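On a predicted model such as this, the values are computed, not experimentally measured, just so you know. Order of the sequence lines fixes the chain letters, A, B, ..., with proteins taken first and strands second; residue numbering starts at 1 for each chain. Computed over heavy atoms, backbone and side chain alike; hydrogens, waters and symmetry mates excluded.
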Amino acid sequence: MTEEKGEVALFVTCLIDNLRPDIGFSVVSLIEDAGFKVIVPELQSCCGQPNFNGGDKLNAQKTARKVIDAFIDYEYVVIASGSCGGMIKHHYIDLLVDDTLYRQKAERLTAKVYELSHFLCEVADYKPVFIDKMEVTYHDACAGLRELDIKNQPRALLAQSGVNIIEMDEPEVCCGFGGAFCVKYPEISNQMVEKKVMDANKTDAAALVTGDLGCLMNMEGKLHRLGIDLQVFHYAELLTRERLTRERLT
Amino acid sequence: MQVNSKDFIPLVNLALDNNSLQASLGMLGKGLSFKRTAAVADFPEFDQLRDEARDIKDHCLQYLDIYLMKFEEQVTNKGGHVHWASNEGEAREIVLSLCQAENARTITKSKSMVTEEIDLVPFLEDHGLDAVETDLGEYIIQLRGERPSHIIAPAVHLSKSQVADTFFDQHSNLGFNEKLTERVDLVGEARQVLREKFLGADVGISGANFLVADTGTIVLVTNEGNAELTTAIPETHIVVTGIEKIIPTLEDASTFIRLLARSAVGAEISAYTSFITGPRREEDQDGPKNFHVVLVDNGRSEMLGTELQDMLRCIRCSACLNHCPVYLSIGGHAYGSVYSGPMGAVLTPQFSRLEEAKQLPNASTFCGRCESVCPVHIPLPKLMRHWRNKEFEAGLNPLSMRWGLRAWALLNRHPLLQHMLASLGIRILGLFGNKATGYIIKLPGLAGNWTKDRDFRTPPSTTFMSQWKTMQKNRQKKEV
Amino acid sequence: MSRTEILDRIRKKLAVDSEDKTRLQVVESRLANHLPNTIPSRCRQSHSDLVDLFQEKMEKAHGTVNRVNNDTDLGGEIMAYLGDGSFELCINVLEFELDFSAYSSVQTVEWTPRSSLDICISDCFGAVAETGSLVISSSKQMPLSFNFLGEKHIVLLKEDQIMGAYEDIWARTRNDMPRDITLVSGPSCTGDIEMIMEFGAHGPKELHIIIIGS
Ligand code: SF4
């Protein structure tokens with residue numbers, strides 16, 4: 001193996017950690033494949049978004065300080081979620097605007113925080129090798145798209161690995177997850193996710209791909225309930241699809 | 001402002017079950033976002049103009065007192081009158097007394113959200129005045145006794161056949177006895193009915209899209225031409241508008257005109273844009289003798305100097321509604337307020353009370369599509385979050401949620417404990433799963449709202465963090 | 001009084017002083033300079049391109065446009081547009097002579113605001129190419145409602161009346177604004193029933209422009 005290009009601290013995210021650890025390992029192997037050493041700081045927690053969006057600003061600030069302390073000393077921080085990534089990169093500075101010390105720290109931290117595909121494309125200059133041909137459709141998760149400009153990066157990476165993307169109608173419209181929204185307003189959320197998976201299914205793609213676990217579980221759960229046989233993947237899983245077991249892909 | 005946002009949940013359920021509403025919303029969303037995208041693509045200066053528009057509004061808000069006085073001075077110089085209303089009650093009284101002073105009986109009105117906000121028309125009707133809405137959409141809902149469901153397309157919730165039924169019911173006393181089926185005939189019938197109203201009105205009431213301080217000009221934008229007939233024919237014209245509508249110059253107005261229709265409906269400009277300056281000149285053949293402007297505050301000035309100040313940039317274009325997946329699922333009436341969609345979720349708590357309207361800023365996924373299309377860059381999700389903060393501070397949200405958030409935050413400060421508890425939690429979660437399918441179909445508590453309409457994939461029995469730890473240990477062992 | 005109450009509240013919330021003269025100066029100089037913001041590049045091209053742009057945009061907005069080289073037979077042009085049939089014409093044109101003597105089916109009527117008017121014919125203040133908008137303005141000769149009450153509105157426009165941008169209107173009117181200036185971009189329309197466009201909501205159902213070359 002060639003010499004390591006640097007160290008990446010992985011912000012795992014609660015959802016990947018608890019519900020889909022396999023995606024976490026896909027992420028690790030991608031970063032390693034791109035030539036970086038992966039470190040997983042033990043003292044990491046949630047990014048604080050539930051409190052931030054739930055109106056509990058004080059506790060959101062406390063969590064933010066904790067996260068800042070846990071990650072500030074690393075060279076790069078990579079997150080395989082636009083939502084948590086957006087929280088840290090986009091909202092921390094605003095959230096801590098009255099706390100001079102931590103606002104400065106937040107500024108230092110945010111400069112080295114990257115959503116995974118952004119990191120792979122623009123920092124690591126990672127070129128995935130061709131794996132096999134596949135046709136998928138892609139849902140642009142909202143926070144990644146609008147807070148972090150994630151649009152072409154995952155598409156470009158997937159394309160290099162042999163994936164052809166068939167765009168669905170309105171790929172940029174929210175799937176209805178929205179964190180607590182989906183359990184606070186289940187009826188509205190249901191209507192949104194139903195429309196989303198129907199649009200995805202209309203493409204006849206072999207899989208639906210996205211970059212955020214909340215959206216992924218929402219769409220996957222709806223498809224399963226509707227009995228529609230369309231698998232949902234995080235793009236990191238597809239980029240490491242030779243790792244996936246055969247059953248999951250067929 | 002009359003608000004029934006407390007009934008949000010039942011209103012949402014009604015809306016979701018209303019097939020004709022759902023069909024209208026489907027057309028609205030697809031049609032307008034497609035058209036807006038095309039209009040923006042065809043106008044290379046669009047983003048630059050948005051930045052400029054934001055800066056113009058910010059500047060005006062910073063000097064609002066002075067601009068309002070300059071505007072007043074200009075209107076007065078040209079022979080008009082400016083009235084100031086601190087709240088909605090004052091605004092209604094001012095308009096009523098102006099109508100009474102002219103012994104007015106009949107009033108034509110062009111579309112204005114401020115008059116909806118202050119419930120002006122019902123008030124005038126209660127005082128024996130015959131006030132008729134002349135914007136076709138507003139006219140239809142006035143006949144039906146409804147409120148607007150969209151800030152620029154007030155009758156968008158109705159189908160053609162509902163409109164036909166309404167006209168058949170309400171126009172028979174005017175000699176129209178045929179049940180119409182074609183849209184063109186419906187528009188034609190309303191044209192005939194309202195023509196008579198225009199020609200006979202004593203007073204015309206309009207809103208204003210912009211107030212130009214430099215010249216005392218009000219700017220009105222319509223597609224139908226009703227604003228021009230409302231303001232040119234009666235002896236008295238009363239403009240009812242918010243204090244935040246002020247902009248400095250006609251040059252600035254030009255910038256906003258370039259943004260408004262493109263953002264609203266994807267058109268380059270509306271059919272009619274009128275710049276009205278004062279009452280009729282001595283030599284003029286038409287136009288009102290009396291020209292009044294009622295400047296309404298009603299909670300606006302309270303927003304200055306706070307996070308909500310950004311909301312005062314709003315030009316009521318409706319782009320945020322047209323692109324909001326929540327609005328497009330439930331329509332305007334579910335909000336229980338004349339201001340709906342993202343802008344309504346920010347304004348309604350301010351113009352009524354937070355207790356009353358607290359659901360509205362919560363009913364958002366914060367997908368950010370509204371902010372991305374807003375022509376004046378209003379950070380709508382941030383402002384909805386502002387209300388959520390206020391709600392939390394005031395202890396207005398459910399106790400279970402407050403304690404849930406606190407407990408979560410506490411765990412965030414003790415990550416090792418959190419990881420331990422999480423490992424335990426996912427094992428318990430696993431017990432709900434169906435081994436054969438790998439999915440959970442029913443969860444308890446609040447999570448049951450998830451499994452109402454979706455399944456939940458059963459998580460594996462160990463977390464990433466614990467697997468990673470084991471791996472690191474094994475690696476170290478190997479290295480030793 | 002509400003006026004003072006509102007102004008005081010604004011100043012308090014903005015944390016500014018009513019005696020602060022520099023604020024007044026900022027506003028006054030901004031008004032005195034009335035600088036333009038970004039003007040779209042499409043507004044600044046050769047005049048003949050602007051005439052083409054006006055036509056293109058007006059047609060896009062569902063107006064119809066006819067271009068003629070001179071004003072010798074405007075009556076004939078108008079009749080060509082109207083086609084066969086008999087018509088009541090209400091005419092308010094200062095700049096041109098209109099001769100309908102060859103058309104026995106035509107009757108001209110005096111202007112009064114009324115509920116049904118067949119054809120209104122007028123000239124106008126000018127036009128703006130950027131969005132294909134006519135500029136009409138109220139004046140001694142021109143009541144605003146004249147432009148709204150006909151079923152069809154025919155407007156005579158000289159090529160050299162076409163300006164590039166909205167800002168070009170203000171350069172000519174700012175110091176003496178008429179009561180009304182209206183930009184007319186296409187016939188009256190409404191999308192209020194099921195979002196499908198119908199023409200002739202309250203104003204003209206058809207808008208026809210004859211551009212006269214110089
Ligand atoms: S908030 Fe922005 S997008 Fe919404 S109506 Fe106002 S100006 Fe338009």
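Ranking B:V12, B:I330, B:N362 against chain A, the residue ahead of the rest is B:N362, based on heavy-atom pairs under 4.5 Å. Chain A forms more heavy-atom pairs under 4.5 Å with one residue of B:E393, B:E391, B:Q418, B:H414 than with any other, namely B:Q418. When each of B:T437, B:T458, B:D453 is scored by its heavy-atom pairs under 4.5 Å with chain A, the top score falls to B:D453.
Neither the backbone nor the side chain of B:F34 comes within contact range of chain A; no heavy atom of the residue lies under 4.5 Å from a heavy atom of that chain. Looking at B:K390, neither its backbone nor its side chain comes within 4.5 Å of chain A, counting heavy atoms on both sides. Using a 4.5 Å cut-off between heavy atoms, A:V27 makes no contact with chain B at all. With a threshold of 4.5 angstrom between heavy atoms, A:V12 approaches chain B through side-chain atoms but not through N, CA, C or O. Heavy-atom distances place no part of B:I440 under 4.5 Å from chain A, backbone and side chain included. In this structure, chain A has heavy atoms under 4.5 Å from both the backbone and the side chain of B:R369.
Side chains of A:F181 and A:I188 form a contact here, defined as non-hydrogen atoms less than 4.5 Å apart.
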(request) Dump the intermediate steps for side chain to side chain contact (heavy atoms under 4.5 Å, CB included) on A:D99 and A:Q61, then the final yes or no. (result) CA-CA 9 Å; A:D99 177 342; A:Q61 287 168 333; over 6 Å; no
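Between B:N449 and A:K184, the side chains place no donor N or O within less than 3.5 Å of an acceptor N or O (distance only, hydrogens not considered). Under 3.5 Å, the side chains of A:Q191 and B:Q22 contain a donor-acceptor pair of N or O atoms. At a cut-off of 3.5 Å, with distance as the only test, no side-chain donor of B:R388 or A:N53 sits close to an acceptor on the other residue.
Taking the six-membered ring where the residue is Trp, B:H157 and B:H333 present perpendicular rings, their angle passing 60° and hence far from 30°.
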